[in-house]
There are 2 protein chains.
Amino acid sequence: MEHSLKEFFDRALKEVSLDCTVFGFHEGELKVLLLRWKGIDGWSLPGGHILLDESVDDAANRILTQRTGLDDVFLQQFYTFGNVNRYVYHPEKELLEKMETTFGKGFFDGIIFRRVVSIGYLALVEFDQVQPTPDWFTDECRWWSLADVPHLLFDHNEMIDRALKALRQRIRNQPVGINLLPEKFTMPELQRLYETILGRQFDRRNFQKLLMSYDILERLDEKRIGAANKSPYLYRFVKEKYERAAAEGVSFTM
Amino acid sequence: MEHSLKEFFDRALKEVSLDCTVFGFHEGELKVLLLRWKGIDGWSLPGGHILLDESVDDAANRILTQRTGLDDVFLQQFYTFGNVNRYVYHPEKELLEKMETTFGKGFFDGIIFRRVVSIGYLALVEFDQVQPTPDWFTDECRWWSLADVPHLLFDHNEMIDRALKALRQRIRNQPVGINLLPEKFTMPELQRLYETILGRQFDRRNFQKLLMSYDILERLDEKRIGAANKSPYLYRFVKEKYERAAAEGVSFTM
DNA sequence: TTTTCAATGCGTAAATTTTACACAAAGAAA
DNA sequence: TTTCTTTGTGTAAAATTTACGCATTGAAAA
């Protein structure tokens, strides 16, 4: 990493940033990945700036890989945030001062942030596969339940709200489960995922009927054992069929 | 207008721009508003840069008003374009040289465009109400039928493609007609608008049934006379009801 | 070992929504 | 007056979505 921001921004865009809302699904809850900044006491979404020779999509993938250790995940732009007062939640000046305390006087020399527009990306990852990795800028990297998300820096609470709305829209046309669940899962687990994202309950039998009608799932000869009830079958997505469905679009009508 | 770009960019973001795909509906066709640049022989979407004290949405409205003379129109962000090679279609260097020929040597002094990310906006306007107004940068301002759109500067052809896709999606959840049609219109006119946008035909009777079921249209006691056939009734959107429907979302299921 | 309890697997009937379709009437033009 | 094109209207069939019950499984409790 460079010793000064200036060196970094000689290679990157200053007025545009990119923030990822990373969703995971664990113990029947939707979680979001947040970072605690070094030096200042505040949480935010993982984000970063775009290198000059890198497309915005590439930048999103790079940042996500650096942050979660994951590659090749669902990652789509959903909205670009450009309010004048995006920084109002934590005045920039105060923030810069605190960071200079941490990183040393002169850290910001040659750099003036006039204003930053941020491109919001929505990422869906398999919770168990993620290795949250705090970096040079970050003290801590943690999953939060949506309900518990604290007051974040900048406009990042608004970003999460919009990301969730975007997710709710996209789940209706794309078979999103493959991105949030492990390789093998039961039908009730898949249903709980849908119920959690959409905030509604579905009829067990109708849900199974609809999902199977997409012809993207395969029932395995294995069952999940251990619980005090009838053991449910395990399913998995059939990759080729899934990809065709994702391209053509499904319609989740419940 | 400033005499140098530098003066302008002292007050505006350089690395972010904004381009509007402005759709209008005329003679049963979907049209898009394009500009021909002064100095260089090329067409593009109307766009511009964002002032430092102006939100991105405000900038879009300002640019659109300057360009079309219209205020208070449907205007929504749909995608942000950030490929490294966005300018590949018309190499920036060549473009700058031509512009210096037109605007005078030194026009670009103090300004280096490293790279520009552009936020795409979708605008829907009433064709007859628009007064296309070429500005200082622009030789000509003209409506083009979608099928006839020429090869545009930068990635603007791709922008129109994506804007149309976005429009097709949004027409399914928002009663978009009000933005593209004049105050009063006939049911066949409304149907033709939907058919044009979606590129499909609908049954006349089912279309009327569905649109009336939204409870946002009012049939007037007037008819459109003049054509060699039975005179169709005129309809109009009932504003309050329309706004409630737009907020809650309709579902155009055909 | 037996019983209990909670969750799963499976199929059919009812309700709702979407699609298909035909004929009479209006109005300008021939 | 006739012709021609387009509009206004309602109902039946098809498809989709919703509602719902019972037998079975497997761990835990008795």
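Residue numbering restarts at 1 for every chain, and letters A, B, ... go by the order of the sequence lines. Predicted model, so just to flag it, every value in this text is computed and none were measured.
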Hey, mind stepping through Arg200(A) and Glu195(A) against salt bridge (Lys or Arg N to Asp or Glu O under 4.0 Å) and telling me if it holds? CA-CA 5 Å; Arg200(A) 290 179 43 206; Glu195(A) 290 177 338; over 6 Å; no
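Ion pair Lys31(A)/Glu29(A) flagged as a salt bridge, since at least one NZ, NE, NH1 or NH2 atom sits closer than 4.0 Å to an Asp/Glu carboxylate oxygen. Under the 4.0 Å criterion applied to side-chain N and carboxylate O atoms, Glu189(B) and Arg224(B) are assigned as salt-bridge partners.
To the nearest 0.5 angstrom, Asp139(A) atom CG is 9.5 Å from Asp41(A) atom CG. Note that CG of Asp19(A) is 3.5 Å distant from NE2 of His156(A), once rounded to the nearest 0.5 Å.
With 3.5 Å as the limit, one finds a donor-acceptor pair spanning the side chains of Tyr121(B) and Asp57(B).
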Return a single string for nucleotides 16-24 of chain C, one symbol per nucleotide in 5' to 3' order, where B is base contact, S is sugar-phosphate-only contact and - is none, cutoff 4.0 angstrom on heavy atoms. --SBBBB--
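For the pair Val22(B)/Val32(B), no side-chain contact is recorded, criterion being any heavy-atom separation below 4.5 Å from C-beta on.
With Phe127(B) as the fixed residue, the ring-ring contact (aromatic ring centres under 6.0 Å, His included) test singles out one of Trp143(B), Phe185(B), Phe25(B): Trp143(B).
One can place CG of Leu220(A) at 12 Å from P of dG9(C), the figure rounded to the nearest angstrom.
Bounding nucleotides for the chain A contact on DNA chain D, 5' to 3', at a heavy-atom distance below 4.0 Å, are dT17(D) to dA28(D).
Counting non-hydrogen atoms under 4.0 angstrom, Arg219(B) reaches the backbone sugars and phosphates but no base.
Comparing Ala228(B) and Met187(B) along DNA chain D, the residue whose closest nucleotide (by nearest heavy atom) sits nearer the 5' end is Ala228(B).
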